[in-house]
Amino acid sequence: MIIKYIYITSNSEKLAKKLNESIMKDVKFEGKTLDGEVISFKEFKSDKKSIFDNTDFLVFIMATGIVVRTIADLLEDKLKDPAIVVMDELALNVISLVGGHVAGANELTKILAESLSSNPVITTSTDVNNKGALDLIAKKLDVKVAGLRKEFLRVNSSLVKGRPVNILVQSNYMYLLENMLSGFNVFENISYFKEKYINRELGENQEIFVIITDNERLISKANKDIIKIIPRRNMLGVGCRKNMNSDIFEENVLKYLFDNNISIKSVKKIASIDIKENEKCIGDFAEKYNLEKVFFSAEKLSLYDNLYEGSDFVKKTVGVYSVSEPSCHIISDGNIIAEKYKSNGITVSIGRKK
């Protein structure tokens with residue numbers, strides 16, 4: 001993740017360099033390293049559109065008014081804009097200005113303030129009222145947020161106003177949401193959730209119902225007025241014969257997911273051995289379902305040969321005894337959640353990122 005520290009005076013330059021070279025050097029944000037750079041305000045203004053569009057975090061060390069006037073014409077979408085944090089050159093206050101939830105400005109503000117013993121200034125209503133926020137939950141679970149903006153606003157507003165928001169959380173994801181569900185009526189039992197929904201009161205201020213699940217049957221059967229949050233924490237490892245037909249490949253992978261009651265919308269990545277990098281069926285599948293492609297060398301996959309059942313034929317063909325399970329193992333932190341599928345020259349494994 002890219003973070004830029006932008007200074008305007010000699011004192012702010014010293015602070016920017018201190019942050020980049022020592023204080024924030026080894027800090028990880030949501031498990032990812034921060035690739036930092038110090039630039040002057042003059043540099044930023046000369047190429048601000050490109051910098052704005054290609055940076056995850058912008059930390060301005062200057063007056064808030066200067067920042068507001070400078071970035072006003074760049075702001076487009078709270079779901080796409082980078083996080084904007086402002087601080088004074090003495091590091092007395094750190095202000096979350098733009099992108100508090102989705103972009104991570106609130107979290108970065110807390111990290112900076114704690115590191116500098118500063119006063120964190122966060123004005124997001126759910127935060128100041130110590131309530132959970134649906135957009136933060138969605139971000140944590142790698143949810144595709146397109147089309148959910150109105151739902152985020154509706155849920156967060158209801159939480160702040162103390163109105164009921166009922167949320168059913170699949171047990172596999174509960175541990176990820178620790179301390180993020182304040183204000184929600186939380187259900188882990190689907191029967192109780194259904195009963196609550198059936199007996200709900202209708203009207204202008206009726207209760208809101210949310211489900212967090214990758215369960216395909218539950219997603220497909222849920223009523224339209226239930227907000228569906230589908231985590232993208234599932235990972236596919238695949239292997240296949242050379243020049244496998246794309247339609248056959250897709251049919252088999254989807255069958256595997258259906259048999260395990262897992263929504264394709266919950267899958268984030270698909271992985272295989274590097275000699276399959278140009279295999280059309282994998283590329284077509286990844287493109288159709290918007291999956292990230294990851295490929296590993298035979299050397300790396302062979303490190304997991306002893307963990308999974310292998311094939312001498314596969315070893316002779318590609319250099320490892322097994323492809324789908326080791327690939328899946330790597331991208332899911334070793335958390336494979338179903339038995340391997342093997343049919344029609346295709347192998348598929350699924351895991352869930354811890």
Side-chain angles (χ1 to χ4, degrees), residues 1-128 133 135-136 138-140 142 145-146 149 152 292:
M1 304 183 82
I2 299 174
I3 182 170
K4 294 188 187 294
Y5 305 95
I6 304 162
Y7 66 88
I8 197 168
T9 66
S10 58
N11 283 336
S12 60
E13 181 181 8
K14 290 176 184 177
L15 177 55
K17 289 180 177 178
K18 182 179 179 182
L19 287 168
N20 188 47
E21 296 170 6
S22 59
I23 294 176
M24 298 291 288
K25 184 179 179 181
D26 298 319
V27 171
K28 289 191 174 182
F29 192 90
E30 297 179 351
K32 299 177 183 178
T33 53
L34 295 172
D35 184 8
E37 182 183 3
V38 174
I39 63 174
S40 69
F41 183 59
K42 183 178 180 180
E43 289 177 90
F44 176 76
K45 287 207 301 182
S46 68
D47 194 21
K48 66 178 187 176
K49 175 63 174 173
S50 177
I51 294 173
F52 188 89
D53 290 343
N54 295 286
T55 306
D56 298 295
F57 305 100
L58 292 169
V59 179
F60 290 87
I61 309 176
M62 61 193 69
T64 305
I66 297 173
V67 180
V68 170
R69 286 190 293 271
T70 303
I71 68 169
D73 62 325
L74 299 173
L75 298 172
E76 294 182 4
D77 189 330
K78 66 179 290 184
L79 301 181
K80 297 178 182 178
D81 293 335
I84 308 293
V85 173
V86 182
M87 57 194 303
D88 60 271
E89 62 183 41
L90 296 182
L92 298 177
N93 298 291
V94 183
I95 305 167
S96 174
L97 187 66
V98 172
H101 282 170
V102 176
N106 288 359
E107 184 62 28
L108 180 62
T109 293
K110 294 174 185 176
I111 293 172
L112 287 166
E114 183 176 354
S115 301
L116 295 163
S117 298
S118 306
N119 175 45
V121 181
I122 295 172
T123 58
T124 314
S125 59
T126 49
D127 292 71
V128 299
D135 50 349
L136 269 180
K139 181 182 179 183
K140 180 71 173 181
D142 294 310
V145 297
R149 180 197 300 272
F152 292 157
E292 297 175 29

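We number each residue from 1, following the sequence as shown.
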Trainee: Taking C-beta and beyond as the side chain, do Ile66 and Val86 meet within less than 4.5 Å on heavy atoms?
Mentor: no
Trainee: Can a salt bridge be assigned to the pair Glu114 and Lys110 using a cut-off of 4.0 Å between side-chain N and carboxylate O?
Mentor: no
Trainee: Run Glu37 and Thr55 through side chain to side chain contact (heavy atoms under 4.5 Å, CB included) and show every step you take.
Mentor: CA-CA 10 Å; Glu37 182 183 3; Thr55 306; over 6 Å; no
Trainee: Checking side-chain contact (heavy atoms from CB on, under 4.5 Å) between Met87 and each of Val59, Ile95, Thr109, which is the one that passes?
Mentor: Val59
Trainee: CD1/Ile61 to CG/Leu90 distance, rounded to the nearest 0.5 angstrom?
Mentor: 11.0 Å
Trainee: Show me, pair by pair, the donor-acceptor contacts under 3.5 angstrom made by side chains of residues 41-51, not counting sequence neighbours?
Mentor:
residue : atom : partner : partner atom : Å
Glu43   : OE2  : Ser40   : N            : 2.8
Glu43   : OE2  : Ser40   : OG           : 3.2
Ser46   : OG   : Glu43   : O            : 2.7
Lys48   : NZ   : Thr70   : O            : 2.8
Lys48   : NZ   : Asp73   : OD1          : 3.1
Lys49   : NZ   : Asp53   : OD2          : 3.3
Lys49   : NZ   : Glu76   : OE2          : 3.1

Trainee: To the closest 0.5 Å, what do you measure between OG1 (Thr64) and CD1 (Ile84)?
Mentor: 12.0 Å
Trainee: Can you give each donor-acceptor pair under 3.5 Å made by side-chain atoms of residues 115-122, sequence neighbours left out, with the distance rounded to 0.1 Å?
Mentor:
residue : atom : partner : partner atom : Å
Ser115  : OG   : Ile111  : O            : 2.8
Ser118  : OG   : Ala91   : O            : 2.5
Asn119  : ND2  : Asn93   : OD1          : 3.0

Trainee: Give the intermediate values and the outcome of side chain to side chain contact (heavy atoms under 4.5 Å, CB included) for residues Asp77 and Arg149.
Mentor: CA-CA 10 Å; Asp77 189 330; Arg149 180 197 300 272; 2.5 Å; yes
Trainee: Do the side chains of Ile2 and Asn54 get nearer than 4.5 Å, heavy atoms only?
Mentor: no
Trainee: Rounded at 0.5 Å granularity, tell me how far CE in Met1 sits from CG in Asp35.
Mentor: 11.5 Å
Trainee: Do Val67 and Ile6 come within less than 4.5 Å of each other through their side chains, counting heavy atoms only?
Mentor: no
Trainee: How about NZ on Lys140, more than 12 heavy atoms from neighbouring residues, nucleotides or ligands closer than 6.0 Å, or not?
Mentor: no
Trainee: If I take atom NZ from residue Lys4 and atom CG from residue Leu58, how far apart are they, to the nearest 0.5 angstrom?
Mentor: 8.5 Å
Trainee: Measure the shortest side-chain to side-chain distance between Ile8 and Phe60 over non-hydrogen atoms and say whether it is less than 4.5 angstrom.
Mentor: no
Trainee: What heavy-atom pair brings Tyr5 and Met24 nearest, and what distance separates the two atoms?
Mentor: OH-CB, 3.3 Å
Trainee: Nearest 0.5 Å, please: how far is OG1 in Thr9 from NZ in Lys14?
Mentor: 9.5 Å
Trainee: Do you know which two heavy atoms are closest between Phe57 and Gly104, and how far apart they sit?
Mentor: CE2-O, 4.2 Å
Trainee: Please find the pair of heavy atoms, one from Gly99 and one from Ala83, that lie closest to each other, and give the distance.
Mentor: O-CB, 4.4 Å
Trainee: Can you tell me how far OG1 of Thr126 sits from CG of Asn106, rounded to the nearest 0.5 angstrom?
Mentor: 7.5 Å
Trainee: Specify the closest pair of heavy atoms between His101 and Ala133, including all atoms of both residues, with the distance to one decimal.
Mentor: CE1-CB, 3.4 Å
Trainee: So which heavy atom on Ile3 is nearest to which on Leu34, and how close?
Mentor: CG2-CB, 3.9 Å
